[in-house]
Amino acid sequence: MFSTFDPLQGKRLTIMNESGEIVAPEWMPKLPDDKIVDAYKTMLYARIGDLKAVSYQRQGRLYTLPTNIGQEAAAVGSALALEKTDWMVPAYRELGAWLVKGATMRDYFFYFGGSEEGSRYPDGTRLLPVSVPITSQLTHAVGIGFASNYKGEKDVVITYFGDGGSSQGDFHEALNWAAVFSCPTIFFCNNNGYAISLPREKQTKSKTIAQKAIAYDMPGIQIDGNDLFAVYRATSEAVKYARDGNGPVLIEAITYRLGAHTTSDDPSRYRSAEEEKEWEAKDPLLRLRVWLEKKGLWDDAKEKDYSEEATSDIESQFAEFEQYKATPIEDIFKYTFEEMPDSLKEQMIEVRNHVNRMGG
Amino acid sequence: MFSTFDPLQGKRLTIMNESGEIVAPEWMPKLPDDKIVDAYKTMLYARIGDLKAVSYQRQGRLYTLPTNIGQEAAAVGSALALEKTDWMVPAYRELGAWLVKGATMRDYFFYFGGSEEGSRYPDGTRLLPVSVPITSQLTHAVGIGFASNYKGEKDVVITYFGDGGSSQGDFHEALNWAAVFSCPTIFFCNNNGYAISLPREKQTKSKTIAQKAIAYDMPGIQIDGNDLFAVYRATSEAVKYARDGNGPVLIEAITYRLGAHTTSDDPSRYRSAEEEKEWEAKDPLLRLRVWLEKKGLWDDAKEKDYSEEATSDIESQFAEFEQYKATPIEDIFKYTFEEMPDSLKEQMIEVRNHVNRMGG
Amino acid sequence: MAVMNLVQAINSALDLKLADDKNIVLFGEDAGFEGGVFRVTDGLQEKYGEKRVFDTPLAESVLIGAGIGMAVNGLRPICEIQFSGFMYPAFNQIISHVSRMRTRTRGMFSVPMVIRAPYGGGIRALEHHSESTEAIYGHIPGLKVVIPSTPYDAKGLLISAIEDNDPVLFLEPKKIYRAIKQDVPEEIYRIKIGKASVLQQGEQLTIVAYGAMSRVVQQAIQHAKKDGYSIELIDLRTIYPFDKQTIVESIRKTGRLLVVHEAARTFGVAAELMAIANEEAFLHLEAPPARVTGYDTVIPLPKGEDFYFPDAARVYEAIKKTIKF
Amino acid sequence: MAVMNLVQAINSALDLKLADDKNIVLFGEDAGFEGGVFRVTDGLQEKYGEKRVFDTPLAESVLIGAGIGMAVNGLRPICEIQFSGFMYPAFNQIISHVSRMRTRTRGMFSVPMVIRAPYGGGIRALEHHSESTEAIYGHIPGLKVVIPSTPYDAKGLLISAIEDNDPVLFLEPKKIYRAIKQDVPEEIYRIKIGKASVLQQGEQLTIVAYGAMSRVVQQAIQHAKKDGYSIELIDLRTIYPFDKQTIVESIRKTGRLLVVHEAARTFGVAAELMAIANEEAFLHLEAPPARVTGYDTVIPLPKGEDFYFPDAARVYEAIKKTIKF
Ligand SMILES: Cc1ncc(C[n+]2csc(CCOP(=O)(O)OP(=O)(O)O)c2C)c(N)n1
Ligand SMILES: Cc1ncc(C[n+]2csc(CCOP(=O)(O)OP(=O)(O)O)c2C)c(N)n1
Ligand SMILES: [Mg+2]
Ligand SMILES: [Mg+2]
């Protein structure tokens, strides 16, 4: 597959087009229908979760958070290609992927509600926490893959970053290391056209991000990131390639965030309504729904039912989060090191005493 | 030229082979004979300077220094392609290039003799000081090129780095920036096969460093770095390309340091005598001398005369350096800022008083 | 005069200097077209064009490194780092080159660069968006570090920073970006880098603070005044080279020192000022120099940050403790 | 017991721990095949194979960043940075991730990593090869910083660092790599991180030093002894979390403190210890806590470095001044 879709020749993998038609049946992944329905449900769940989070934020019940709307196929499709024991190293805009991997909306609310508890995922999730410093996490994914090789395990790693992130030095260093040491690491770029306000064309001069793989002699492929099938298929191929000991792969998924960069951002300042419209038509949920409906796997009633189910699930998780008022003082100190040094103990007591004095 | 020598196709520019024969006359640069003789002289001068420096170091009269032997064609040939007002941003192993640009052996001795005076080149030299933190200097070259564009000047910039240096994040960030802003910057990689002990094959998995240019949509070319004509021609093309407003170029010059990494290094620990022998036969001076002699432009007597002239010139510059005993206390402080803040004044007085007390 | 908040005052300084000197260029991630995520550079690209005010790729090391090259080749770069927590990828450029070029070349090349970044906490931000690591930068020889705490100071100090022929790290306390309004001259004026400002005169205790903490301390002092305490408040303004003279004179007068900063305690700015109190005013000390600071932990996410950042109550406690010693 | 210098003691610690725990991997630029530019890792690749002891590409950020990933996935990485002056490209990884992973994930993931680097000056080295920026690292919450000054300490501390489940920055004073020989046990032993060592007992003055400065101070003390002074010398060993108790007890006894380090003065380690003296022993102080340090300039190239680094004479002057105060 990787040699077929040479980014230098302008090739891009699309399996299902914007109208939900299969345009490259030869690449159609062999997914049972129920899995596809599940995938759609997860995408829908992620979308509802995202919209909910944004609205809670507007109400002042969560803090600044990134939006995910529009990128659900890339997130969910790539994560579905992993086994349970594989690792995931996220950036911050892959909600759907985290949900597949085992994180919950509760975690999401805690994190963007201002508590580190949100990064303590269920045991054994093999999901790293949100990484805010752009692209720094790619190096971690390389090391995880290295350790996997070292231990003779077959686990692979997927790591996410954005088009903007491809400019960072860590991108280069990570891909180079991964190639040199044949680390089973999949570098998944969510190219959503913007780094906050900066359009992709001003981020780098190369026509694709996928072609940057050539610098490391690793496969690089550009795919339609709003096409669940293309995302799933390409990631599966990459996972297999990596698991078979061939080393890393770079995937560039072309997508678009239909929302703002974060809840503090106003995209109308830097992109046109027409452009947004255009991309609304490419919505990854819409096209998959069309496909499912044509196959008789989905309908309005199911959409409504599942939306309600998801909404109430998400709301109850939010309610759980809202019980959490403030970080316990001890928690601020006790995870700095395995054992608390005297200096931190003294400081912790200082805070406690102060709070007590204030009658807090 | 850049499209002819596609690194992905294993193409490399050689004009004069190891035996001093012109194997690609169509690319032979139109250099007058006397210029070529001058180039050879500079290479010879650089070699003698380098050997001298190493021997002074062995005698304890200079501190640790890198060796240049074997890389003279890459250094001199590339620098000769520049105009006087062009800029040069070195790493630390391009003695021949610095000499062409206007630095002197005196500067070299001062710097590796432990005095910052060695980085104060003659006014207007447009040569930046040695950059020790690997690859960090590439970003400076990009900025200089940016400023050149900004001011509407036609000056280009050349910057040097090694095969090892290509792994650093700054390599990626610099090339990307240069391409995005069309900076007239020539990235000249001296691929001498090793980063201290690490062979090129373990540094990066790509077959060439030149192909990394594809990641930035800029021309990249691999050349025989021990062939003065190839170096001069490729750099001239790159200079013209950049000066014409087309943006940056990446050149990978294949060369070899015949000496140690630095005077503290013992290359026999990590490379074979056979390999060294092989490369001795590819000595850039040897082959140019053969060519010159065939053309009747050079002979043993000239070699002897010029070597003596160079040696005595270098020795007298070294003698000048050896008069310099210690950095004046004031110099340690006064260049920290344009104006010395009180804190530094106090500290300077503290040192002075102490030295006076000690009768120093 | 016009009423300005910190954002407006900084914008005004940038605007005036861009107009004044065509060698000044201003750039950063989203600093051009968008006018910065805090809108500090709003309108400047429109006014001065994309050539002089522009966006960069997302790469801080080359952002600063290219700035060095521009400076060497005659420009005066003003680099914006989106948040001070994202300056670290450029740390090597700052410590190895920005701050050393003049010494290294014995004055042949210098780096008249301003690095601007919003810094500090208290705005309920995401991880890495509340950093306060000024002590780290203050420890780097060859770098000046400035932190304003009022619109007036911000404008005057930034103009001085831009005109300075050496690199200046200009950290903007984002918590108070819009919190304080002040009458600020519309034209160019300068505040000397390296001079602290005595915000209040007092007899019993010298407090040194900077950035958003200046306000917190002022609140505490108001409280303390009611209780009859007389306190001198020095706004440090420049972290390096700091105004030893003003601080020492004040300590000699009051006999007591309290330093307040939101950064982690150990090896922080307060320690240095306490050391200076010892070296220069030991015999005047009537109580141990003291500090109220953040803690030696990672800065907590919003649900914990109120425990972390000094507030007026904590400062007030320390005031009483030091005066009553 | 065997006579070892610092290089041998460190090599021995690495050797024993590599033998002890197969999850330990050791890597760095030229650290594998070549055995390191200072030969500290000599023979280890031969003994443990390329899989466990290996060379990396020339890229410090991923060197540390990959180490984080390894740690998260069950390995115990020992990362060598060739010189501490080349750690800065990895600064973002260290301050943003190495030191924060445990807090960020509430203990789910930790980074049991050792970062080793030769540090400090006095060896007539090239630019950037004499750095001493321990105060910067000490100010980073979540990171331990250790600096040994003898072969015995180096081995015991390094073993503790390797066994520590948190990241430890282990700075090796390269000036004394081969300068001191000592009887060192051949087997595994541990020295607790966070405990200083009292090298000499005394009554009139407490001196705190570390790294190569410990020797310099010892020379000064010998001189001072002849003049009848009684001095207590504390080798700090751990920069963070440092041994406040030992230092404070000593100051309470002697009434005087002098801190010696080669790093730049302002915002350096000495300032913190002087602050601690105030906070914890103010009423015992008979003279102002003092410091002998490097200066706030770029570290000079060899022809100037003797003016920069504290020597026994400078320390001796300060001893006299503090005791006679
Ligand atoms: C090192 C660093 N620099 C700057 C930022 C501020 N920042 C946060 S998101 C962002 C844009 C990222 O763009 P991209 O990588 O395309 O990802 P996207 O947000 O589009 O998903 C920037 C500049 C950061 N988080 N880290
Ligand atoms: C950031 C950084 N890391 C490490 C070093 C130490 N070091 C000096 S030279 C060198 C190898 C450089 O190899 P290469 O780039 O191939 O250049 P060459 O020495 O072969 O000319 C290393 C690792 C350094 N100077 N800077
Ligand atoms: Mg993006
Ligand atoms: Mg090399």
Side-chain angles (χ1 to χ4, degrees), chain A residues 63-66 92 110-119 129-136 162-171 195-199 202-204 261-262 264-265 269-270 324-329 331-333 335-336 341 343-344 347-348 350-351 354-355 357-358 360, chain C residues 28-39 42 50 54-63 65 82-83 85-90 92-93 123-129 131 264-266 292-308 310-311 313-314 316-318:
Chain A
Y63 301 112
T64 300
L65 50 85
Y92 48 83
F110 267 83
Y111 186 76
F112 291 110
S115 161
E116 291 80 359
E117 286 296 317
S119 296
V130 162
S131 175
V132 173
I134 300 289
T135 317
S136 55
D163 45 315
S166 75
S167 293
Q168 286 282 6
D170 275 345
F171 167 88
I196 309 186
S197 69
L198 193 72
K202 296 192 170 182
Q203 189 66 244
T204 182
H261 169 68
T262 65
S264 313
D265 172 55
R269 291 177 66 101
Y270 54 80
Y324 189 92
K325 293 304 171 213
T327 305
I329 290 167
D331 284 13
I332 293 174
F333 291 87
Y335 299 104
T336 309
S343 53
L344 284 183
Q347 294 183 4
M348 186 173 70
E350 191 183 309
V351 185
H354 178 67
V355 171
R357 256 196 314 272
M358 296 295 109
Chain C
E29 294 158 12
D30 308 288
F33 184 79
E34 164 101 339
V37 294
F38 287 102
R39 310 278 180 257
D42 208 21
E50 241 190 284
F54 57 94
D55 292 318
T56 65
L58 213 176
E60 287 80 8
S61 184
V62 67
L63 202 168
Q82 200 162 83
F83 286 84
F86 306 134
M87 197 135 49
Y88 308 131
N92 186 39
Q93 292 292 346
I123 60 157
R124 308 270 182 244
L126 289 170
E127 221 185 332
H128 306 282
H129 289 71
E131 303 282 294
R265 179 170 305 169
T266 303
V292 173
T293 67
Y295 300 105
D296 294 352
T297 69
V298 176
I299 298 165
L301 286 181
K303 288 271 192 234
E305 71 176 40
D306 288 343
F307 297 122
Y308 186 89
D311 56 18
R314 261 173 76 196
Y316 183 59
E317 288 291 324

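Residue numbers start from 1 in every chain, and the chains themselves are labelled A, B, ... in the order their sequence lines are given, proteins ahead of strands. Hydrogens, waters and symmetry mates are skipped; everything else that's a heavy atom, side chains included, is used. Note that this is a predicted model, so its numbers are computed, not measured.
Among all heavy-atom pairs drawn from A:Gly114 and C:Leu301, the shortest one is O-CB, 3.2 Å. Here the shortest heavy-atom pairing between C:Pro57 and A:Ser167 reads CB-OG, 3.8 Å. The shortest non-hydrogen separation linking A:Thr327 to C:Phe307 is O-CE1, 3.1 Å.
Looking at A:Leu344, only its side chain comes within 4.5 Å of chain C, counting heavy atoms on both sides. Of the two parts of A:Phe110, neither the backbone nor the side chain holds a non-hydrogen atom closer than 4.5 Å to a non-hydrogen atom of chain C. C:Glu34 touches chain A through backbone and side chain together, each having a heavy atom under 4.5 Å away. At a 4.5 Å heavy-atom cutoff, C:Val62 makes no contact with chain A through either its backbone or its side chain. Heavy atoms closer than 4.5 Å to chain C are found nowhere in A:Phe171, neither backbone nor side chain. At a 4.5 Å heavy-atom cutoff, A:Asp170 makes no contact with chain C through either its backbone or its side chain. For a residue to count as touching a neighbouring chain, one of its non-hydrogen atoms must lie under 4.5 Å from one of that chain's; by this rule A:Ile134 touches chain C with the side chain only. For C:Gln82, the part sitting under 4.5 Å from any heavy atom of chain A is the side chain, from C-beta outward, and nothing else.
One finds the CG atom of A:Leu198 at 8.0 Å from the CG atom of C:Leu58 (value rounded to the nearest 0.5 Å). For the atom pair OG of A:Ser131 and CD of C:Glu127, the computed distance is 8.5 Å after rounding to the nearest 0.5 Å. Note: A:Ile332 CD1 to C:Tyr308 OH = 10.0 Å, rounded to the nearest 0.5 Å.
Looking at heavy atoms from C-beta onward, C:Phe86 lies in side-chain contact with A:Val132 at the 4.5 angstrom threshold. Using a 4.5 Å heavy-atom threshold, the side chains of A:Glu350 and C:Arg265 count as touching. With a 4.5 Å cut-off on side-chain heavy atoms, C:Tyr295 and A:Val351 count as touching. Between C:Leu126 and A:Phe112, some side-chain heavy-atom pair lies under the 4.5 Å cut-off. At a threshold of 4.5 Å between non-hydrogen side-chain atoms, the residues C:Arg314 and A:Met358 do not count as touching.
Between A:Asp331 and C:Lys303 there is no salt bridge, since no side-chain N of the basic residue sits under 4.0 Å from a carboxylate O of the acidic one.
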Could you check A:His261 against C:Asp30 for side chain to side chain contact (heavy atoms under 4.5 Å, CB included), going step by step and ending with a plain yes or no?
CA-CA 12 Å; A:His261 169 68; C:Asp30 308 288; over 6 Å; no
Yes or no on side chain to side chain contact (heavy atoms under 4.5 Å, CB included) for A:Gln347 and C:Asp296, after CA distance, side-chain angles and deciding distance?
CA-CA 8 Å; A:Gln347 294 183 4; C:Asp296 294 352; 3.3 Å; yes
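Per-residue counts of heavy-atom pairs under 4.5 Å with chain C were compared for A:Pro133, A:Pro328, A:Ser343; the largest is that of A:Pro133. Residue with the most contacts toward chain A among C:Ser61, C:Gly32, C:Ala59: C:Ala59 (heavy-atom pairs, distance under 4.5 Å). Comparing A:Thr336, A:Val130, A:Asp163, A:Ile329 by heavy-atom pairs within less than 4.5 Å of chain C, the highest count is held by A:Ile329. When each of A:Met348, A:Lys325, A:Gln168 is scored by its heavy-atom pairs under 4.5 Å with chain C, the top score falls to A:Gln168.
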